[in-house]
2 protein chains.
Amino acid sequence: MEDDRREAGTRRRVAPTKGDLRERAILDAAEQQLDSEGADGMTVATIAQAAGITRGALYFYFGSKNEVLAALVARTVATLRAEMDAADADGASAPGDALRQGVEQTARMWREHGTVMRTAVELSPTVPAIDQAWRSAVVALADTTRGIAERAGLPAGPGPHDAAAVAAALVWMTERALYQATVSGGSLDEAAATLLHVWLAALGIPAGAELGGAEG
Amino acid sequence: MEDDRREAGTRRRVAPTKGDLRERAILDAAEQQLDSEGADGMTVATIAQAAGITRGALYFYFGSKNEVLAALVARTVATLRAEMDAADADGASAPGDALRQGVEQTARMWREHGTVMRTAVELSPTVPAIDQAWRSAVVALADTTRGIAERAGLPAGPGPHDAAAVAAALVWMTERALYQATVSGGSLDEAAATLLHVWLAALGIPAGAELGGAEG
DNA sequence: GAGAAAAATCTGCACAGTGTCAAAAATACT
DNA sequence: AGTATTTTTGACACTGTGCAGATTTTTCTC
């Protein structure tokens with residue numbers, strides 16, 4: 001029963017190995033090509049080549065092309081999660097500042113890794129692995145947000161207006177809005193400003209100095 | 001320049017031809033296999049075979065497998081649209097009845113052509129042709145709904161609470177809810193009941209006799 | 001530390017599916 | 001019949017994926 005040590009879909013062990021370098025190289029190559037060629041132009045052969053291995057070898061590290069994408073999404077999303085937690089735990093304990101930082105960081109993530117984020121949203125419905133990675137990230141962000149919301153005074157108990165429900169709705173709204181901005185070539189900054197506005201309103205925080213571009 | 005008479009992605013003329021029979025046969029075969037085999041198991045070869053032609057010939061009628069799906073979505077959605085318009089123009093001029101019929105008919109469509117509808121939702125983000133067909137249907141339904149909403153007394157003028165905005169939101173909500181019910185194996189009837197409730201509330205129509213299963 | 005055993009990594013090829021195309025066959029038109 | 005148009009075919013190129021081993025790296029033993 002050595003199958004216990006195997007990862008689903010691959011023949012590789014889960015144990016720590018140096019081949020993790022290759023894994024990272026594969027993900028790097030994938031992200032780069034996702035940017036330049038798009039999700040379709042990016043082929044297993046070109047990824048493998050850029051990572052210095054053959055097509056077949058890539059399937060040693062990942063069970064499929066989609067699993068590569070899923071891992072890429074997971075990696076990108078882990079960064080965002082870490083930044084959010086750090087910002088939340090950091091000096092910025094005032095709910096308003098935490099929210100501003102959260103929205104800003106999310107927007108920055110979309111700016112720097114827009115293609116990955118966009119791919120995650122688009123492939124979620126059809127690729128279970130991606131859906132899982134993405135959904136777990138959203139849930140984690142929603143949870144962090146819930147903490148802020150409670151500190152801002154939202155009720156904790158179960159109910160349609162409790163901190164958890166509002167936080168979830170806000171996070172999904174943000175996903176949707178930034179995705180739309182990315183796809184339609186709209187301004188991420190404007191979207192972020194709008195989002196922050198709604199966030200503050202939803203949590204009942206008086207809008208102090210929001211993002212730039214105040215108007216009307 | 002005879003290309004003007006050509007359809008994008010195919011070599012076939014747009015002009016009326018008898019080969020439309022084959023086209024329908026292809027779509028029928030596709031829908032059947034979509035039900036039995038799923039979107040992945042369904043291959044161009046099997047569709048062509050079921051339609052009595054070879055793989056290559058299929059590409060004479062449709063530019064790609066996705067175009068077949070897109071045409072299937074368009075056909076299915078055209079049916080729903082026609083039914084909605086008929087029901088709206090019909091005897092049921094009372095907004096409440098029109099809404100009930102609309103929701104019921106949409107739910108029935110999901111019951112009878114669930115696989116096609118589901119495929120439309122899932123492939124919309126990645127297949128432009130499908131996205132276009134689906135989106136246009138949603139817009140059309142939203143417009144019909146807007147008419148009902150205005151008759152129900154919602155303001156027509158532009159604004160975040162006007163009939164058009166509310167109608168669009170309701171239609172998208174319905175899409176989402178019925179999709180979720182289909183995917184998660186939930187009850188379409190229950191979903192429809194909930195939806196009708198929200199619809200009536202949103203349009204300010206007193207809930208007379210809603211669908212079965214009243215509670216609380 | 002040499003050498004064997006085991007594990008990790010990689011290669012090369014096979015196979016099925018999609019999409020393209022030039023040329024053949026069927027059909028319609030005059 | 002003769003010609004133009006529609007429809008079909010068959011072969012080809014490319015992609016994703018599976019797999020049987022070959023090769024390299026690590027681990028263990030003496």
Side-chain angles (χ1 to χ4, degrees), chain A residues 1-26 29-30 33-34 37-71 123 126-127 129-130, chain B residues 1-26 29-30 33-34 37-71 123 126-129:
Chain A
M1 291 276 178
E2 56 194 353
D3 281 342
D4 293 8
R5 278 175 279 173
R6 309 282 177 179
E7 203 170 12
T10 73
R11 281 187 283 168
R12 187 163 171 247
R13 285 201 166 183
V14 179
T17 332
K18 121 205 157 157
D20 295 333
L21 295 176
R22 275 281 152 74
E23 206 168 301
R24 209 173 319 166
I26 292 175
Q33 291 186 21
L34 194 61
E37 314 291 334
D40 293 328
M42 177 191 77
T43 114
V44 173
T46 55
I47 298 175
Q49 188 178 13
I53 54 179
T54 59
R55 262 183 339 144
L58 189 146
Y59 281 89
F60 175 75
Y61 292 97
F62 298 95
S64 72
K65 180 180 174 181
N66 280 336
E67 263 187 34
V68 176
L69 265 327
L123 265 48
T126 27
V127 183
I130 294 182
Chain B
M1 292 287 172
E2 56 195 351
D3 282 341
D4 292 9
R5 277 174 281 173
R6 309 282 177 181
E7 203 171 10
T10 73
R11 283 186 282 165
R12 186 161 171 249
R13 288 200 165 185
V14 179
T17 334
K18 106 181 175 175
D20 295 333
L21 295 177
R22 282 256 196 270
E23 209 168 298
R24 208 172 322 166
I26 292 174
Q33 291 186 20
L34 195 61
E37 313 292 334
D40 293 329
M42 177 192 77
T43 121
V44 173
T46 55
I47 298 175
Q49 188 178 11
I53 55 180
T54 59
R55 238 164 38 86
L58 189 146
Y59 283 92
F60 176 75
Y61 292 97
F62 297 95
S64 73
K65 180 179 173 179
N66 279 336
E67 264 188 34
V68 176
L69 265 327
L123 264 47
T126 27
V127 183

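Lettering follows sequence order; numbering is per chain, from 1. Heavy atoms only: backbone and side chains are in, while hydrogens, waters and symmetry mates are out.
As a whole-Å value, the separation of B/Arg22 CZ from C/dT27 P is 10 Å. Separating the CD1 atom of B/Ile53 from the P atom of D/dT7 is a distance of 11 Å, rounded to the nearest angstrom. For the pair A/Leu58 CG and D/dT17 P, the computed distance is 10 Å after rounding to whole Å. Distance, A/Ile47 CD1 to D/dT17 P: 10 Å, rounded to whole Å. Residue B/Gln33 contributes atom CD, which lies 14 Å from atom C1' of C/dG17 at whole-angstrom precision. When the C1' atom of D/dT8 is taken as reference, atom CZ of B/Phe60 falls 9 Å away, rounded to whole Å. Rounded to whole Å, atom C1' of D/dT17 lies 12 Å from atom CD of A/Glu67. The CD1 atom of B/Ile26 sits 8 Å away from the P atom of D/dT8 (whole-angstrom rounding).
For C/dC10, neither phosphate oxygen OP1 nor OP2 lies less than 4.0 angstrom from any side-chain nitrogen or oxygen of A/Thr54.
A 4.5 Å side-chain heavy-atom check between B/Glu67 and B/Tyr61 finds every atom pair outside the cut-off.
Partners of A/Ala57 by side chain to side chain contact (heavy atoms under 4.5 Å, CB included), not counting sequence neighbours, listed by chain and number: A/Ile53, A/Thr54. With sequence neighbours left out, the side chain to side chain contact (heavy atoms under 4.5 Å, CB included) criterion links A/Ala30 to A/Met42, A/Ile47, A/Val68, A/Leu72. Listed by chain and residue number, A/Ala45, A/Thr46 satisfy the side chain to side chain contact (heavy atoms under 4.5 Å, CB included) test with A/Thr43 (two or more places apart in sequence, or in another chain).
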What N/O pairs connect the protein and nucleotides 11-15 of chain D at under 3.5 Å? Give each pair on its own line.
none

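Nearest heavy atoms, B/Tyr59 versus B/Ser64: CE2-CA, 4.0 Å.
Of the candidates C/dT20, D/dT9, C/dC10, the closest approach to any side-chain atom of B/Tyr59 belongs to C/dT20.
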(request) Could you go through the side-chain contact (heavy atoms from CB on, under 4.5 Å) check for B/Leu69 and B/Leu34 one step at a time? (result) CA-CA 9 Å; B/Leu69 265 327; B/Leu34 195 61; 4.2 Å; yes
